[in-house]
Number of protein chains: 2
Amino acid sequence: MTDVAALAGVSAQTVSRVAREEPTVREATAVRVRAAMEELGYTPNRAARALRYGHYGTVGMIAHRLARTGESRTVEAVVEAAQAEGYTVTLVDIASPAPHDVSAAVARLSHQDIDGLIIIRAESATPDTLALPSHLPVVVSDSRFVGHHPAVGADQAGGARAAVEHLLGLGHRTVHHLAGPADSTPARQREESWRSALTAAGATVPAVVRGDWTAASGHDAGAALAADPEATAVFAANDEMAAGLVRALHEAGRSVPADVSVVGFDGIELSAQLWPPLTTVEQDFGEIGRQLVDLLLRQVRDDEDLQDTHTVVPVRLVERQSTAPPRP
Amino acid sequence: MTDVAALAGVSAQTVSRVAREEPTVREATAVRVRAAMEELGYTPNRAARALRYGHYGTVGMIAHRLARTGESRTVEAVVEAAQAEGYTVTLVDIASPAPHDVSAAVARLSHQDIDGLIIIRAESATPDTLALPSHLPVVVSDSRFVGHHPAVGADQAGGARAAVEHLLGLGHRTVHHLAGPADSTPARQREESWRSALTAAGATVPAVVRGDWTAASGHDAGAALAADPEATAVFAANDEMAAGLVRALHEAGRSVPADVSVVGFDGIELSAQLWPPLTTVEQDFGEIGRQLVDLLLRQVRDDEDLQDTHTVVPVRLVERQSTAPPRP
DNA sequence: ACCAGAAATGTTTGCGTAAACAGTCGGCGG
DNA sequence: CCGCCGACTGTTTACGCAAACATTTCTGGT
């Protein structure tokens, strides 16, 4: 900055004014300064600015396994929404969703240059195990934190219920469930909602088959389900597992949907390309991302107290060709 | 920091020493200081540190549509590799891969607190249109920048050749190509390599069908290909389009692989779950991410000049059940 | 007990920026 | 033609931290 000032024949303060486009600089001077900045390749030092201003223009985001569809779509939406508000996003991926790793990630990130923190799918962390720096605004996409931090989440319960009711409505006696890992909050919510929807309809509740979100685990589970002639309808906790399940059914010679109907969850892009195209509960990841950023920035900028806020983003059942009435 | 120093009854410098875990502080003192830090919720201010040190411990990453499989896997790998080296990653998503938007993103990011920049899939940007701040270390995952910036890329040509040769080896007379968008460098490389592999084998080169990477575009293209009885083997430029293509073939009553063999590219998780499981050219995104970080940090830390470096990461043809010899 | 030298701690300074305050200059009314 | 006002521009200072240098407090050996 000093060099620019010298070259333009002005003071450093004037350079600063030009850099920030203050209107109180005479145009002729500004032109000269800009030319000098150009020539010297000057760029304002953000660390110094952050030090001066006391904030960074950056939000942190913690995620686990961010190449997964739900994660990456949320990340994309968050980045876009944050950018639209003039913030950048710094990302940390945690090794596992275990409390210890989450805390380590928070510790690392809270020493970073961030004004606020977005935690997505910190599935197994609990408010107690999460040692957050005081006064750091936080939003979470996991409802376990309701009452501790503002949260945004898809309507897991509603989606699961819609899936079960759709299958029951088709005439199936009951609906099997291919659940997600037991330590995942969304997985548990989907499972509980599946159970209560069955109970409410007076249907029997079959044993849960559990996977770990991966397609491979869905494929394993599918082998078991395919052997059970009673299983005519399956609600899978996500689309990847549903894809593995469908493949296992194909391999077992069971037709989808003639022999077995399958419903997924998430609405990933490829769900429409499976054979048959998968009926699924579609989440609006874009909206989730936008809400997360909105809630966070309201705390950062306006110092709002949003503790008890819990935004539920609606989901939508998309009926495709993987569901049909059972064989008579 | 001053408050902590006062509370612990030491100087600010000693607090700094404890914060950085310098070994020259007596343990008894360190304990007192740590207690004070704890009580006051003190956290070192990174902006001030960055200002003092002259670097940020952060790398920037520019990507486009980062929810796509290849992108998100690369992002995840980069984040992990950077974390392992003690760096964090700040992300910016660009609206479109057009030169103008890329430049805007670079401009935005170069004013951020970053020590280096990773550009992935800046497909249509050219070295000229990209106004980078001078002296900012850069790596690129697009070979168009070879000679301008160090680059890392999968072996596009080798992968495409392997796909074509696999199909030809199965006995197909020729191989059709479902290409990616014309403004994408990887798409062009795959297409050119497909063409030269056919020519080298003395096979005729059918007209290219072009998609835009999405499964939907693959489905559209599939409708055309399904109507052509000459098309017994198709090499799709990515797995998403291959999935759409396979679905279109199913809908047209053409069997895969009995009537038409299909090979994809990327090796996304769901490629193994399609029906039939997709033969594809698998990229090692993890390795690409690690190489990107390695190349970048060598410039950042050691000030190495890596201009002409171009690391090619091998790909691997994974044979599954979507390919077979043509009907006699 | 005394001293040299090592260990521990304190003081000064500057990193690049922008707010607050202090000039300087030109033009206009009287 | 003087003085005052507003438009510009310059000077001083502090943001929080850590390197460099200065000073104090311990060691252990005699």
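In this text the structure is predicted, and so the values were computed from the model without any measurement. In the text below, chain A, chain B and the rest are named by the order of the sequence lines, each starting its count at 1.
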(message) Rounding to an integer number of Å, can you tell me how far B:Gln13 CD sits from D:dA20 P?
(response) 11 Å
(message) Heavy-atom nearest nucleotide on DNA chain D for B:Ala48 versus B:Glu22: which residue maps closer to 5'?
(response) B:Ala48
(message) By nearest heavy atom, map B:Leu51 and B:Thr24 onto DNA chain C; which one lands nearer the 5' end?
(response) B:Thr24
(request) Kindly compute the distance separating OG (A:Ser16) from CZ (A:Arg49), expressed to the nearest 0.5 Å. (result) 7.0 Å
(request) Round to the nearest Å and state the distance from B:Tyr56 atom OH to C:dC15 atom P. (result) 15 Å
(request) Find the distance B:Arg49:CZ to D:dC17:P and express it as a whole number of Å. (result) 8 Å
(message) How many whole angstroms separate atom OH of A:Tyr42 from atom P of C:dT17?
(response) 4 Å
(message) Within the 3.5 Å criterion, strictly below it, is a donor on B:Ser72 or B:Arg68 matched to an acceptor on the partner's side chain?
(response) no
(message) Quick check: do A:Tyr87 and A:Leu296 have side-chain heavy atoms less than 4.5 Å from each other?
(response) no
(message) Between P on C:dA8 and CZ on B:Arg32, what's the gap in Å once rounded to a whole number?
(response) 14 Å
(request) May I have the distance from A:Tyr53 (atom OH) to C:dT17 (atom P), rounded to whole angstrom? (result) 11 Å
(request) Find which nucleotide of DNA chain D each of A:Val25 and B:Met1 is nearest to by heavy atoms, and output the residue with the more 5' nucleotide. (result) A:Val25
(message) Whether A:Thr29 contacts D:dT9 is assessed here as follows: a side-chain N or O lying under 4.0 Å from the phosphate OP1 or OP2. Is that the case?
(response) yes
(request) Tell me what B:Thr14 touches on the nucleic acid: a base, only sugar-phosphate, or nothing, going by heavy atoms under 4.0 Å. (result) sugar-phosphate
(message) Nearest whole Å is fine: how far is C:dG10 P from B:Arg26 CZ?
(response) 10 Å
(request) Round to the nearest Å and state the distance from A:Arg17 atom CZ to C:dG16 atom P. (result) 20 Å
(request) Would you kindly say whether A:Thr88 and A:Thr58 are connected by a side-chain donor-acceptor distance under 3.5 Å? (result) yes
(message) If you compare every side-chain N and O of B:Arg52 against the phosphate oxygens of C:dT13 (OP1, OP2), does one of them come in below 4.0 Å?
(response) no
(request) Specify the closest pair of heavy atoms between A:Pro186 and A:Gln156, including all atoms of both residues, with the distance to one decimal. (result) CB-NE2, 3.8 Å
